[in-house]
Amino acid sequence: MSAQTLEQVVSLAKRRGFIFPSSEIYGGLQGVFDYGPLGVELKNNIQNDWWRTNVYERDDMEGLDAAILMNRLVWKYSGHEETFNDPLVDCRSCKSRWRADHIKGKCPNCGSTDLTEPRPFNMMFKTQVGPVADADSFAYLRPETAQGIFANYLNVQQTTSRKLPFGIAQIGKAFRNEINPRNFLFRVREFDQMEIEFFVMPGTDEEWHSKWLEARLSWWEGIGVPRSQIQIYDVPKADLAHYSKRTYDLMYNYPTLGYEEIEGIANRTDYDLGSHSRDQDKLGLTARVNPNTDSLARLTYFDQASNRHVVPFVIEPSAGVGRCTLAVLCEAYAEEMVKSPAPEKLEAVQVALTAFLKSAGRNENLGAEQRDALMAAGEAIATDLPNALGQVDALLALPGADKIELGKKLRGQAQPLLDESYRTVLRLRPKVAPVKAAVFPLKRNHDGLVGTARDIRKALQHTGMRTVYDDTGAIGKLYRRQDEIGTPFCITVDFQTLDDGSVTVRDRDTMQQERVASSELSVYLRERVG
RNA sequence: GCGGGAGUGGCGCAAUGGUAGCGCAUCUGCUUCCCAAGCAGAGGGCUGCGGGUUCGAAUCCCGUCUCCCGCUCCA
């Protein structure tokens with residue numbers, strides 16, 4: 001059974017050290033998160049896979065790592081200073097605040113027309129540059145990595161002698177002063193972007209847009225986010241960003257949240273290169289750009305075939321690493337029954353569930369909608385009980401469930417049974433799993449087994465793969481621990497190891513074991529981890 | 001930001017004005033020849049934070065912060 005709620009995944013991520021709220025010891029900072037010991041491995045693996053796929057495995061791509069701080073003129077001409085904001089208005093009568101473009105001169109709350117003038121709320125963070133704090137000595141923390149690529153377009157094109165079409169890939173931090181960060185990693189103020197700006201001949205842009213859509217879907221599939229879980233949203237003209245002619249949003253079906261964007265693939269036309277160029281009127285731009293009186297360059301491409309300078313069109317696949325990491329975790333998360341629950345304990349859950357539903361049915365504090373949703377979910381569980389045990393948590397997370405006192409009792413009955421008869425396993429692709437292999441001695445109080453296991457783990461530390469050693473529990477517990485963080489292979493040293501040097505390698509997904517010579521382990525793992 | 005709900009060891013909960021407990025998890029020892037076994041023990045909370053009421057506050061009041069649900073933000 002896959003993740004039913006985002007809560008399950010978030011809870012695992014916090015409990016096992018994937019992700020922590022930033023500066024939590026001081027109460028945190030809204031919309032900012034830290035990646036813990038496992039999170040940093042997972043995140044690095046995802047980024048590396050993206051880089052390998054898009055840079056190493058293609059013939060038409062270069063990499064870049066541009067600075068976060070840039071001359072503020074970049075943001076003037078990119079359009080972000082002007083348009084990357086939401087004008088807000090306040091209602092003087094009821095003190096509510098609204099986005100100016102979402103109301104029509106009247107407060108939706110109280111109907112008053114006594115509204116303030118729209119005030120711009122710019123989503124870019126400012127920071128002081130240099131010792132003198134005058135009005136002009138500031139820079140923005142970039143709200144997207146894309147502009148670093150556009151600003152370096154000529155540098156990259158000229159130093160690599162690239163011909164169209166070619167692309168520039170970059171992974172890096174971006175910052176947005178979101179009005180209201182929400183939903184764990186989903187909407188945050190500091191995040192990493194994996195962006196490609198792919199430069200093509202005007203007129204071939206639509207064809208390349210489609211190609212990139214396919215390429216990106218294929219990458220998602222490869223890190224464990226299947227096509228069936230993604231919807232392609234062809235953004236309506238009216239909703240397009242200021243730079244875009246057409247955009248496909250890839251919408252992933254997050255538990256609890258539903259379909260939300262994990263990647264945008266935009267046709268940015270010649271907007272960006274045109275915006276940052278001088279002599280714009282001579283460039284034959286199709287995009288409407290603001291006149292540029294500051295740029296020192298023409299961001300053009302000389303086409304030998306037609307013997308003319310053109311401004312390339314740009315296709316931009318852009319994904320947030322955090323959203324990606326979250327999707328990968330959600331997709332990998334599974335709870336599966338490993339032994340049948342004891343009948344009398346199951347009976348107790350059944351009774352508690354019946355009582356819970358009865359109570360929900362006559363609870364007057366619930367709206368009809370909430371009650372119906374609770375009853376439906378509860379009855380579905382009741383009729384499929386040993387199997388649906390894991391959904392009790394999701395049931396209790398539904399809106400309104402907290403109003404029913406018996407919910408606590410139900411959880412109290414279900415949780416121990418779930419711990420006992422289920423295992424939580426992250427079925428991560430081995431290439432993204434934080435830990436590739438864990439080494440255990442079968443008995444932790446046997447010096448021969450412990451010493452041999454430590455030696456084997458030590459040898460694996462020089463393979464470039466993250467491995468761990470653990471002997472702080474019985475073998476079954478050690479396996480479960482590794483299942484929960486998605487370690488694909490567990491290596492156990494037993495008494496036979498002392499005789500012939502072979503170990504057992506236990507597969508995370510099948511729980512099957514095979515014997516492998518310890519001298520072959522690094523090759524064995526390398527073949528399977530990729 | 002607004003409206004609604006909530007904050008008690010890592011997690012899940014208990015304690016409704018009287019010295020803060022339980023289960024799970026973690027760690028140590030014994031035991032254990034492969035899937036969260038058993039036994040014994042240990043560590044960990046000035047109850048989100050700050051003020052107030054009171055002889056006394058997890059509990060009552062005010063403020064503040066954070067989280068969750070809705071409106072909004074599009075990587």
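So that the names make sense, note that chain A is the first sequence line, chain B the second, and so on, each numbered from 1. A quick note: this is a predicted structure, and the numbers were derived from the prediction, not measured.
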- Message: Stem list for RNA chain B, please, built from Watson-Crick and G-U wobble pairs under 3.5 Å and keeping only runs of at least 3.
- Response: B:1-7 with B:65-71, B:10-13 with B:21-24, B:26-30 with B:38-42, B:48-52 with B:60-64
- Given B:A37, B:C35, B:C34, the nucleotide with the shortest approach to the side chain of A:A474: B:A37
- Message: Taking only the P atom of each, what is the distance from B:C13 to B:G7 in whole angstrom?
- Response: 10 Å
- What integer distance in Å separates A:F175:CZ from B:A75:C1'? 14 Å
- Name the residue closer to the 5' end of RNA chain B, choosing between A:R189 and A:V493 according to the nucleotide with the nearest heavy atom. A:V493
- Expressed in angstrom and rounded to an integer, what is the separation of A:K173 atom NZ from B:A75 atom P? 17 Å
- If you measure from CD on A:E484 to CD on A:Q482, what distance do you get to the nearest 0.5 Å? 10.0 Å
- Query: Between atom OG1 of A:T497 and atom CD1 of A:I456, what is the distance when rounded to the nearest 0.5 Å?
  - Reply: 6.0 Å
- Item | Donor-acceptor pair present, A:D494 side chain and B:C33 base, under 3.5 Å | no
- Message: Any base atoms under 4.0 Å from A:L478, or only sugar-phosphate, or nothing? Heavy atoms, all strands.
- Response: nothing
- Could you give the CZ-to-P distance, from A:F186 to B:C67, as a whole number of Å? 17 Å
- Using a heavy-atom cut-off of under 4.0 Å over every strand shown, decide if A:D249 touches base, sugar-phosphate, or nothing. base
- Going from CH2 on A:W75 to CG on A:L141, what distance comes out if it is rounded to the nearest 0.5 angstrom? 10.0 Å
- If you measure from the ring centre of A:Y479 to the centre of the six-membered ring in the base of B:A36, is it under 5.5 Å, with the planes under 30° apart? no
- Query: So, does the side chain of A:R187 form a donor-acceptor pair with the base of B:C73 at under 3.5 Å?
  - Reply: yes
- Assess the side chains of A:Y140 and A:E81: does a donor N or O sit below 3.5 Å from an acceptor N or O? yes
- Could you please name the option among B:C35, B:C34, B:C33 that lies closest to any side-chain atom of A:K443? B:C33
- Message: I want to confirm an ordering. Mapping A:R506 and A:G264 to their closest nucleotides on RNA chain B, which one lands closer to the 5' end?
- Response: A:R506
- Take the protein atom CZ of A:F20 and the nucleotide atom C1' of B:U66, then report the distance between them rounded to whole Å. 18 Å
- Can you give one letter per nucleotide of nucleotides 23-29 of chain B, 5' to 3': B if a protein heavy atom sits under 4.0 Å from the base, S if only from the sugar-phosphate, - if neither? -S-SSS-
- Query: Any chance the side chains of A:T510 and A:D507 put a donor and an acceptor closer than 3.5 Å?
  - Reply: yes
- Task: Considering only atom P, compute the distance from B:G43 to B:C27 and round it to an integer number of Å.
- Result: 16 Å
- Message: Give me the distance, rounded to whole Å, that separates B:U31 from B:G45 when you measure between the C1' atoms they each carry.
- Response: 33 Å
- Just compare B:C33, B:C74, B:A36 and give me whichever is closest to any side-chain atom of A:K339. B:A36
- With rounding to whole Å, what would you report as the distance between B:G70 and B:C60 at their P atoms? 28 Å
- Message: Using a 4.0 Å heavy-atom cut-off, does A:T492 contact any base of the nucleic acid, only the sugar-phosphate backbone, or nothing at all?
- Response: base
- Query: Taking the six-membered ring for Trp, are A:F198 and A:W212 parallel (under 30°), tilted (30 to 60°) or perpendicular (over 60°)?
  - Reply: perpendicular
- Message: Whole angstroms only, please: what is the CD-P distance between A:E24 and B:G7?
- Response: 18 Å
- Query: Looking just at side-chain N and O atoms, do A:Q193 and A:E144 make a donor-acceptor pair shorter than 3.5 Å?
  - Reply: no
- Write down the distance between CG (A:L257) and P (B:A75), rounded to a whole number of angstrom. 17 Å
- Query: Between B:U59 and B:C46, how far is it from one P atom to the other, in whole Å?
  - Reply: 15 Å
- Task: Would you classify A:Q193 as touching base, sugar-phosphate or nothing, given that sugar-phosphate means primed atoms plus P, OP1 and OP2, and contacts are heavy atoms under 4.0 Å?
- Result: sugar-phosphate
- Close aromatic pair by centroid cut-off 6.0 Å: A:Y252 and A:Y259: no
- Query: Rounded to the nearest 0.5 Å, what separation is found between the CG atom of A:L326 and the CG atom of A:L257?
  - Reply: 7.5 Å
- Query: Once you round to the nearest 0.5 Å, how far does CG of A:L250 lie from CD of A:E260?
  - Reply: 13.5 Å
- Message: What I want to check is whether the side chains of A:E331 and A:Y254 have a donor and an acceptor closer together than 3.5 Å.
- Response: no
- Query: Does B:C30 have OP1 or OP2 sitting under 4.0 Å from an N or O in the side chain of A:N445?
  - Reply: no
- Message: By the 4.0 Å heavy-atom rule, please label A:V188 as base, sugar-phosphate, or nothing.
- Response: base
- Task: Quote, to the nearest angstrom, the C1' distance that separates B:C2 from B:U47.
- Result: 30 Å
- Query: Per the atom types in the model, does the base of B:C73 pair as donor or acceptor with the side chain of A:R176 at under 3.5 Å?
  - Reply: no
- N/O (side chain, A:Q30) to phosphate O (OP1/OP2, B:U66) under 4.0 Å: yes
- Cation-pi, A:F186 ring and A:R323 (6.0 angstrom, 45 degrees): yes
- Rounded to the Å, how far apart are A:R423 CZ and B:A36 C1'? 12 Å
- Query: How far, in whole Å, is B:U72 from B:A15 if one measures between their P atoms?
  - Reply: 39 Å
- Query: Roughly, in whole Å, what's the span from NZ in A:K43 to P in B:A75?
  - Reply: 18 Å
- Taking the same atom, P, in B:C49 and in B:A58, what whole-Å distance lies between them? 11 Å
